[in-house]
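We number each residue from 1, following the sequence as shown. Side-chain atoms are counted along with the backbone in the values below, which use heavy atoms only and exclude waters and symmetry mates.
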Amino acid sequence: MASVRKDNRLTSSQSFACVGFSGLFSKTATSPLEVVKIKSQVGTFHTKRGFWQSFLLIYQNEGLRGFWKGNLASCVRLFPYTAVHLTAYRKIVHLHMDELGFVSQWRAIFAGGLAGVAAALVTYPLEVAETRLVAQNCRQPTYLGVIHCLSKVYGNEGLPALYRGFSLTVLGAVPFSVGCYAVYMNLDKLWQEPPFRFTPLQNFINGCVAAAVAQTLSYPFETVKRKMQAQSSRLPHLGGVDVHFSGTVDCFIQVVKNKGVLSLWNGLAANSIKIVPYFGLLFACFEMCKQVCLYRNGFIVSPLSYQLTPGVDQSLGPYELQEVKRYLKNRSFGSEGSSLGNRW
């Protein structure tokens with residue numbers, strides 16, 4: 001997966017804020033494509049005429065706000081998901097480091113998969129709420145918001161309903177990690193140079209290609225998961241799901257039997273189109289936030305430029321830089337005071 005690189009000139013809270021804000025912005029901007037993707041996976045009537053017609057039908061039946069259903073749940077989920085994912089990833093990678101502090105690419109991707117499962121476990125109810133909110137018609141809503149959805153699902157269907165289909169997240173992590181590994185192991189052959197020489201544009205392309213391959217391989221698991229999240233006997237038309245089933249395996253069987261194998265990849269077009277703008281906005285927004293933080297920390301001369309501040313050691317951390325400035329300020333003040341004392 002594409003990721004932003006850690007900059008030691010930022011504090012931990014600044015890095016987290018940059019990642020969070022860029023994630024919120026990119027998710028919100030690409031929400032229409034996410035709505036079409038989820039509706040295609042669930043199988044609501046909006047998506048039975050093709051990709052482009054789905055946009056028109058959603059607009060005609062629900063208006064513009066229909067393209068941002070579930071976005072709040074997705075955005076709320078982002079911060080705890082990111083926090084748990086980063087923490088778990090660092091812990092797992094640390095366990096696999098050798099005596100020199102290095103970790104293989106395969107083990108790093110494996111660690112990323114396990115961290116993703118851990119983060120999904122914590123935030124899975126919000127993903128269920130997102131699916132339910134997207135699947136419903138916002139002009140005739142069953143759920144009035146994220147909190148109302150969570151409380152109503154818990155009250156009517158119990159806690160297991162908030163984790164329905166979670167096993168597919170675990171199963172889907174396997175092909176997802178394999179896809180990432182297959183892409184990253186062949187990038188040096190594609191670019192004909194070692195990874196440490198990749199430019200930002202090359203890293204962006206690498207992230208998009210890895211995401212496209214990995215998500216395509218794990219997509220059937222996500223499709224079945226979305227159907228399981230959406231189905232409920234207490235909702236009109238069983239939540240809008242196009243097949244009826246009694247469990248995970250039965251869902252796979254019913255989808256293949258009634259809709260064909262390729263229907264497991266319904267919504268893949270919207271998902272594939274979403275990858276480039278999503279990661280493009282993610283990287284661009286992160287860089288803008290990072291520049292503001294670097295300017296506040298004193299490493300660059302302007303938040304609109306990468307020009308480095310003259311005389312500032314860029315290897316210092318923000319707190320170290322503050323300590324150096326404080327030390328130099330106190331020293332100059334002390335020397336000035338002594339000269340004045342000598343003068344008098």
Next item on the list: Over 60° means perpendicular and under 30° means parallel, so classify the ring planes of Y181 and W106, tilted if in between.
Entry: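 Judged by the thresholds at 30° and 60°, the geometry between W106 and Y181 is perpendicular.
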Donor-acceptor pair, side chain of [X] and main chain of [Y], under 3.5 angstrom:
{"X": "Q136", "Y": "Y143", "value": "yes"}
{"X": "Q41", "Y": "G267", "value": "no"}
{"X": "R9", "Y": "C293", "value": "no"}
{"X": "K227", "Y": "V42", "value": "yes"}
{"X": "K27", "Y": "S74", "value": "no"}
{"X": "S263", "Y": "N266", "value": "no"}

Margin query: Is a donor from one side chain sitting under 3.5 angstrom from an acceptor on the other, for Y81 and E127?
Written below: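 On atom types as modelled, these side chains do not qualify, holding no pair under 3.5 Å.
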Next item on the list: Using only heavy-atom distances, determine whether the side chains of Q215 and E222 contain a donor-acceptor pair under 3.5 Å.
Entry: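 There is no such pair (donor and acceptor under 3.5 Å, judged by atom type) between the side chains of Q215 and E222.
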Does the pair [X]/[Y] count as a salt bridge with the N-to-O cut at 4.0 Å?
{"X": "E34", "Y": "K37", "result": "yes"}
{"X": "K39", "Y": "E62", "result": "yes"}
{"X": "E157", "Y": "R132", "result": "yes"}

Checklist line | Hydrophobic cluster (4.5 angstrom, side-chain heavy atoms) - remaining members for F110 | finding: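 I92, L114, listed by chain and number.
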Check: According to a 4.5 Å side-chain heavy-atom criterion applied to Ile, Leu, Val, Met, Phe, Trp and Tyr, with indirect links allowed, do F166 and V84 form part of one hydrophobic cluster?
Finding: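 The answer is no; the residues belong to distinct hydrophobic clusters.
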